[in-house]
J.: 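What follows is a structure written as structure tokens; I'll ask about it next.
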Amino acid sequence: MDSGSVFASLVQAPEDPILGVTVAYNKDPSPNKLNLGVGAYRTEEGKPLVLDVVRRAEQLLVNDQSRVKEYLPIVGLADFNKLSAKLIFGADSPAIQANRVATVQCLSGTGSLRVGAEFLARHYHQLTIYIPQPTWGNHPKVFTLAGLSVKTYRYYDPATRGLNFQGLLEDLGAATSGAIVLLHACAHNPTGVDPTLEQWEQIRQLMRSKGLLPFFDSAYQGFASGSLDADAQPVRMFVADGGECLAAQSYAKNMGLYGERVGALSIVCKTADVASKVESQLKLVIRPMYSNPPIHGASIVATILKDSKMYDEWTVELKAMADRIISMRKQLFDALSARGTPGDWSHIIKQIGMFTFTGLNGEQVAFMTKEYHIYMTSDGRISMAGLSSKTVPHLADAIHSAVTRMG
Ligand code: LMR
């Protein structure tokens, strides 16, 4: 029917493949429903968690009458930027000491990727970016809309449910020289499969020999192993060789600041002079996009990172979240073993980070949603952080039933 609207010819767009899972979950009236779609941490009680240290930092901010709500500079909060670079590159990073890093506060990981990609599309000589196959569903959209041309490199081997290292080396070896390569710094989303440090070293050598430009997406620092330093190791290896790279950081998961949209983009350059020019150009990308970033989330992060006591408290709370996820892996694996579910499920305990890439197909996922009210992305990814001791048996029953009926 012609409503007379100038938009009458629009078609209804599909929901987002990840965030749309939550939309469907919210509409389900079942009391047993379980949302394992979006990567968002839940407690054993299934509730979202605000870290104690975050609450305390917020209290300090609220009580400080000298704080105002003025605009931040285009690049964001200076302290936050310095501390964020330190967090990912290490306190003793030679690149930071030499002022070779340009860091700008952005809207969490997605915003950092987008600003970085827009910058590259304007100023880098190679517009091709290679992303792993598979990768986070938003990656290709972010890069394409920023003006880059997206190609993939082999990453995951469905047969072993592990890394296809040979395929990865072959594809990066055959990549156009100078191309950009997106690397998940740790806890690869959606597969939970990371290269070993030895493999990272080979990737580094290959990429540097071909002049490929690394763009790290670091959305889970501290979440993979429970250690902030261990999870940043791959990034630090690339910075230690003196070469250039980009890194997008998110505080959504590791500080639980999802809705505050707080993150940072750092570009490590060869010299301080280049870094200063890069920063000046990043400002030209940001100003017409959203002018300047929001103040609250970045102030929370800066408050925590600059106080050694609060920082230590954060690492303890972060480790507790990582440990709970690791324990969920063990419990789910044990529950499937106890049920004698056909197949090898050892990847559940081998994969790391927030997600397990179960290997369940779209049909099995749809069955589990329909019959068991379990919500997950159609590629078979489950967010281990959404699981609890109470809900593991329900999930194990659903997987068992899906595999035995439609295996
Ligand atoms: C996810 O993959 O579930 C998270 O990174 C959340 C998101 O924005 O998709």
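Counting convention: from 1, in listed order, for ligands and their atoms alike. Values in this document were obtained by computation on a predicted structure and should not be read as measured data. Residue numbers run from 1 in the order of the sequence given.
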J.: Report the C-alpha separation of Ile286 and Ser291 in whole Å, then their side-chain angles, then the decisive distance to 0.1 Å, and conclude whether the side-chain contact (heavy atoms from CB on, under 4.5 Å) test is met.
T.: CA-CA 6 Å; Ile286 292 168; Ser291 195; over 6 Å; no
J.: Measuring from each atom of ligand 1, which residues have a heavy atom under 4.0 Å away?
T.: Ile18, Val38, Gly39, Trp136, Asn189, Tyr220, Lys253, Phe355, Arg381
J.: Can you say whether the rings of Tyr251 and Trp314 are parallel (under 30°), tilted (30 to 60°) or perpendicular (over 60°)?
T.: tilted
J.: Please determine if Lys390 and Glu45 form a salt bridge, counting it only when a charged side-chain N lies under 4.0 Å from a carboxylate O.
T.: no
J.: Any chance you could measure Arg329, atom CZ, to Met384, atom CE, to the nearest 0.5 Å?
T.: 5.5 Å
J.: Taking atom types as modelled and ignoring hydrogens, do the side chains of Thr191 and His188 form a donor-acceptor contact shorter than 3.5 angstrom?
T.: yes
J.: For Arg114, which residues count as a salt bridge (charged side-chain N to carboxylate O under 4.0 Å, His left out) partner, sequence neighbours excluded?
T.: Glu118
